[in-house]
Visitor: 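Just dropping this structure here.
What you see is a predicted model; the values in this text were computed from it and never measured. All chains are named by letter (A, B, ...) in the order of the sequence lines, taking the proteins before the strands, and each is independently numbered beginning at 1.
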Amino acid sequence: MLDIQLIRANPDQIKNDLARRGIDPPIDKILELDSDRRSLLAKVEGLKAERNKTSKDIGRMQEDSQRKKMIAAMRSLGTEIDKLDRRTADLEAELHQLMIYIPNLPHPSVPDGVDEADNVVIKEVGEKKPFAFEPKPHWELGPDLGIINFEQGVKITGTRFYVLSGAGARLQRALISWMIDLHIRQGYLEKYMPFMVREETLFAAGQLPKFEDNLYRDHEDDRWMIPTSEVTLTGLHMQEILDGSKLPLRYTAFSACFRREKMSAGRDVRGIKRGHQFDKVEMYVYCIKEDSDQEMERMMAHAEETCSQLGLAYRQLELSAGDLGFTARKTYDIEVWAPGSGEWLEVSSLSNCGDFQARRANIRFREKEGEPTQFPHTLNGSGLALPRTLIAIMENYQQADGSIVVPEVLKPWMGGVEVIEQEEER
RNA sequence: GGAGGGAUGGCCGAGUGGACUAUGGCGGCGGUCUUGAAAACCGCUGUGGGGCAACCCACCGGGGGUUCGAAUCCCUCUCCCUCCGCCA
């Protein structure tokens, strides 16, 4: 959510910033509603002050005709207040309805552009691994080795679900453990969070109301499956006033993520690249606004370390203004090279949300006691999405015979397995 | 799933229709006293909104209602606790 005071003070600046995203939201309507709301508020609050004062007087008076007269007067004043209160509430609701659909303002450093074609490659690290044979895609390697079974996933649940088996399941678990341990060393506090949340939590993180179509939901209770643990890590401090001396707060969490993928139906249907359920290790930071640019670079370095320690060639992209997500003011993507699929795979997306989520979640902090509260900045980034990392490892570490070498850093978690050979299907 | 009890400020806890401008205590901050500290005493100590300001408004878990007036009465939702049932 944007700051209404900011819109009030610099409407043209706000319009220009949002135009960079290629949108033209109803800023003038918002200003009009805001101004109507404030003048109505001044009026109704004056009447309330009068009612409060007179009601107190009534309480002190003896029963007499004067008292009855005042009660009658207050009764009609009450009707008037009710009427104005309702109009104020209507205006506020209308204003709120507009405000919650306005995306975050792009950071000044974000490159211009209308969509992903305008995203900028900042750097490419590592060489695309050369192969003396034609590298296979993971959707062939996995079933051939007996470590991915697509048919079973479809049978059990439906399209875009799969089963990992034996060394495949173990490799994913190894990645999760290794990544979390790495992030702990990088200074993050590990959290294990719920995978289901209430509606309010999704609103706080900026997923609702706009992206309702992409979420799984239990209609009987107010329970929604999270699309990312960014949601729960934002919810962690909802409605709190944090102690400023404790910032920055850095968290890491593993979670399953659930996405209906209605927006991308038909895309990336082969393999495990885009499922309805996937695992992810997330990094999340709450910090003061002065630190957020540097926290972003820091988090980027942490995600890069994940790629480089796994020996994967990767590149860093910065999203153009037109491709930024709803809550983000600046976003870096990390893509790793998948030689079998023959494409760059987005394994991580790191966003600086500024105070946008903190506002929606009502998360504040106070630098020192007695000072006014401020909204912290929040940043989130995948410490890599598991299925795509798995793809990259399988395709990059494959050998001519179809076996897969286990990356050095994962060996401690693989129970002595150094090469994943064909497994008997069970 | 059934029965009952709860939710008040940073924390504990009183308040069941008008002096609540939310009692009291703890903690915190400032002051007096002191060589210094402790103790004692005095004062201050929630959030948001409106207004140039004085000041005003809202908030006692959330929402709605009754009333001239609600922390207090009514409805409803959420959450917590106790017991029973079921359960990894």
Side-chain angles (χ1 to χ4, degrees), chain A residues 1-9 30-100 192-204 208-209 217-224 232 235-247 256 355-376:
Chain A
M1 193 111 75
L2 297 184
D3 181 3
I4 183 72
Q5 316 239 28
L6 203 66
I7 298 179
R8 223 182 267 158
I30 284 172
L31 286 170
E32 186 191 323
L33 289 169
D34 176 54
S35 146
D36 289 353
R37 177 186 143 269
R38 280 186 296 153
S39 58
L40 210 50
L41 215 49
K43 198 165 154 195
V44 71
E45 284 186 355
L47 297 182
K48 279 181 183 173
E50 187 186 336
R51 180 177 67 180
N52 288 348
K53 186 177 172 300
T54 309
S55 288
K56 248 165 231 154
D57 291 343
I58 290 171
R60 278 191 287 266
M61 285 172 81
Q62 295 299 309
E63 197 64 46
D64 66 6
S65 64
Q66 173 69 11
R67 188 175 189 273
K68 288 203 171 72
K69 224 183 272 177
M70 286 165 77
I71 288 177
M74 285 309 101
R75 186 176 296 145
S76 69
L77 183 61
T79 312
E80 176 70 7
I81 288 172
D82 270 0
K83 225 166 64 188
L84 293 177
D85 262 348
R86 270 181 241 279
R87 270 173 58 195
T88 311
D90 287 348
L91 277 177
E92 264 165 14
E94 199 181 337
L95 182 60
H96 184 71
Q97 201 57 30
L98 294 177
M99 290 291 288
I100 60 178
Y192 174 79
M193 310 291 288
F195 295 173
M196 299 175 94
V197 293
R198 59 172 93 250
E199 180 177 348
E200 183 190 345
T201 311
L202 283 158
F203 176 85
L208 284 177
R217 164 182 201 187
D218 168 24
H219 282 269
E220 270 181 61
D221 302 318
D222 177 26
R223 299 280 184 275
W224 303 63
T232 43
L236 199 58
H237 293 301
M238 267 195 298
Q239 309 291 343
E240 289 182 27
I241 300 176
L242 302 167
D243 175 357
S245 69
K246 298 217 167 85
L247 297 179
D355 64 9
F356 190 86
Q357 285 177 323
R359 243 173 238 291
R360 284 173 92 99
N362 197 26
I363 300 164
R364 291 158 294 167
F365 73 96
R366 218 190 300 271
E367 209 126 28
K368 284 201 200 81
E369 193 173 295
E371 290 186 0
T373 60
Q374 304 176 54
F375 292 103

Visitor: Just the rounded figure in Å: distance from P of B:rG50 to CG of A:D85.
Guide: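 So the CG-P distance, A:D85 to B:rG50, works out to 16 Å.
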
Visitor: When the C1' atoms of B:rA37 and B:rU47 are considered, how many whole Å apart are they?
Guide: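 Each nucleotide's C1' atom is 36 Å from the other's.
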
Visitor: With rounding to the closest Å, how many angstrom separate the C1' atoms on B:rG48 and B:rC41?
Guide: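 Looking at atom C1' only, B:rG48 and B:rC41 are 35 Å apart.
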
Visitor: Any strand is fair game: report the nucleotide pairing with B:rA58 by Watson-Crick or G-U wobble, both distances under 3.5 Å, or none.
Guide: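 Its partner is B:rU47 (Watson-Crick or G-U wobble, both distances under 3.5 Å).
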
Visitor: Measuring from the side chain of A:R38 (C-beta onward, heavy atoms only), which nucleotide among B:rG51, B:rA58, B:rG69 has the closest atom?
Guide: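 So the side chain of A:R38 is nearest to B:rG51.
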
Visitor: Can you measure from CD (A:E94) to CD (A:Q97) and round to the nearest 0.5 angstrom?
Guide: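 Answer rounded to 0.5 Å: 9.5 Å.
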
Visitor: When rounded to the nearest Å, what value does the distance between C1' atoms of B:rG13 and B:rC26 take?
Guide: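 Taking atom C1' in both B:rG13 and B:rC26, they lie 10 Å apart.
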
Visitor: Taking only the C1' atom of each, what is the distance from B:rC20 to B:rG69 in whole angstrom?
Guide: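 So the two C1' atoms sit 13 Å from each other.
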
Visitor: For B:rC52, what is the paired nucleotide under Watson-Crick or G-U wobble rules, both distances under 3.5 Å?
Guide: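 Pairing partner, where one exists within any strand: none, as none qualifies.
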
Visitor: Could you tell me whether the phosphate oxygens of B:rG50, OP1 or OP2, come under 4.0 Å of any side-chain nitrogen or oxygen in A:K43?
Guide: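 False: A:K43 side-chain N/O out of range (4.0 Å or more) of B:rG50 OP1/OP2.
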
Visitor: Using the P atom on both, measure B:rC29 against B:rC81 and round to a whole Å.
Guide: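 Each nucleotide's P atom is 33 Å from the other's.
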
Visitor: Quote, to the nearest angstrom, the P distance that separates B:rA22 from B:rG30.
Guide: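 Roughly 26 Å separates the two P atoms.
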
Visitor: Provide the closest heavy-atom pair for A:R366 versus A:T373 in the form atom of the first, atom of the second, distance.
Guide: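 Nearest pair, atom of A:R366 first, then A:T373: NH1-CG2, 3.7 Å.
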
Visitor: For A:K53 and for A:M70, find the nucleotide of RNA chain B with the closest heavy atom, then tell me which residue's nucleotide is more 5'.
Guide: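 Looking at the nearest nucleotide for each, A:K53 comes out on the 5' side.
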
Visitor: If B:rC79 has a Watson-Crick or G-U wobble mate with both distances under 3.5 Å, name it; if not, just say none.
Guide: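 Partner of B:rC79: B:rG6.
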
Visitor: When the distance from CG of A:D34 to C1' of B:rG49 is rounded to whole Å, what number comes out?
Guide: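 After rounding, the reported distance stands at 11 Å.
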
Visitor: Look at A:K48 together with A:E45 and state whether they make a salt bridge at an N to O cut-off of under 4.0 Å.
Guide: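 A salt bridge is absent here (no side-chain N lies under 4.0 Å from a carboxylate O).
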
Visitor: Looking at B:rC68, B:rG49, B:rU47, which one has an atom nearest to any side-chain atom of A:Q5?
Guide: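 Given the options B:rC68, B:rG49, B:rU47, the side chain of A:Q5 is closest to B:rG49.
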
Visitor: Base, sugar-phosphate, or nothing: which does A:I58 touch, judged by heavy atoms less than 4.0 Å apart?
Guide: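 Touches a base.
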
Visitor: Check every atom of B:rG48, B:rC79, B:rG49 against the side chain of A:R198 and return the nucleotide holding the closest atom.
Guide: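 Shortest atom-to-atom distance from the side chain points to B:rC79.
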
Visitor: In whole angstrom, what separates A:E240's CD from B:rG10's C1'?
Guide: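 Result: 13 Å.
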
Visitor: Nearest nucleotide by nearest heavy atom, which residue falls closer to the 5' end of RNA chain B, A:R364 or A:R51?
Guide: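 Whichever sits nearer the 5' end wins; that is A:R364.
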
Visitor: Inspect the contact between A:R86 and A:D90 and indicate whether a charged nitrogen and a carboxylate oxygen are less than 4.0 angstrom apart.
Guide: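 No salt bridge links A:D90 with A:R86.
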
Visitor: Between B:rC68, B:rU21, B:rC56, spot the one nearest the side chain of A:R75, thanks.
Guide: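 Between B:rC68, B:rU21, B:rC56, the one nearest the side chain of A:R75 would be B:rC68.
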
Visitor: Return the nearest nucleotide to the side chain of A:R86; candidates are B:rG65, B:rU47, B:rA58.
Guide: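 Shortest atom-to-atom distance from the side chain points to B:rG65.
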
Visitor: Is the number of heavy atoms from other residues, nucleotides or ligands within 6.0 Å of CZ (A:R87) greater than 12?
Guide: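 Check fails, neighbour count at 12 or below.
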
Visitor: Using the salt bridge (charged side-chain N to carboxylate O under 4.0 Å, His left out) rule, take A:K83 and A:E80 through it: C-alpha gap first, then chi angles, then the decisive distance, then the call.
Guide: CA-CA 5 Å; A:K83 225 166 64 188; A:E80 176 70 7; 3.7 Å; yes

Visitor: Whole angstroms only, please: what is the CE-P distance between A:M99 and B:rG49?
Guide: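 From A:M99 CE to B:rG49 P: 12 Å.
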
Visitor: Is there a donor N/O on one and an acceptor N/O on the other, under 3.5 Å, for the side chain of A:E45 and the base of B:rG49?
Guide: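 Indeed, a donor on one side and an acceptor on the other fall under 3.5 Å apart.
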
Visitor: Quick one: label A:T373 by what it contacts on the DNA or RNA (base, sugar-phosphate, nothing), any heavy atom closer than 4.0 Å.
Guide: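 Sugar-phosphate: the residue A:T373, judged by heavy atoms under 4.0 Å, touches backbone atoms but no base.
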
Visitor: Atom CD of A:E50 to atom P of B:rC68: distance rounded to whole Å?
Guide: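 In whole Å, B:rC68 P and A:E50 CD are 16 Å from each other.
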
Visitor: Taking atom C1' in both B:rU78 and B:rG64, what distance in whole Å separates the two?
Guide: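 So the two C1' atoms sit 15 Å from each other.
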
Visitor: Report yes if some heavy atom in the side chain of A:F375 is under 4.5 Å from a heavy atom in the side chain of A:I363; otherwise report no.
Guide: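 Of all side-chain heavy-atom pairs linking A:I363 with A:F375, none is under 4.5 Å.
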
Visitor: Identify whether any heavy atom of A:R67 sits under 4.0 Å from a base atom; if not, whether one sits that close to sugar-phosphate; answer base, sugar-phosphate or nothing.
Guide: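 Base contact - A:R67 has a heavy atom under 4.0 Å of at least one base atom.
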
Visitor: Both distances below 3.5 Å, Watson-Crick or wobble geometry, any strand: find the nucleotide opposite B:rU35.
Guide: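 For B:rU35, the partner nucleotide comes out as none, under the 3.5 Å rule.
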
Visitor: A:N52 has an atom CG; how far is it from atom P of B:rC20, in whole Å?
Guide: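 That distance rounds to 16 Å.
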
Visitor: For A:L47 and B:rC56, give me the distance from atom CG to atom C1', rounded to whole Å.
Guide: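 Computing the A:L47:CG to B:rC56:C1' distance gives 12 Å.
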
Visitor: Can you measure A:R366 atom CZ to B:rG10 atom P for me and round it to whole angstrom units?
Guide: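 So the CZ-P distance, A:R366 to B:rG10, works out to 9 Å.
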
Visitor: With sugar-phosphate meaning primed atoms plus P, OP1 and OP2, does A:R359 contact a base, only sugar-phosphate, or nothing at under 4.0 Å between heavy atoms?
Guide: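 It contacts nothing in the nucleic acid.
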
Visitor: P atom, B:rG24 versus B:rC42: distance in rounded Å?
Guide: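 The same atom, P, in both gives a distance of 12 Å.
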
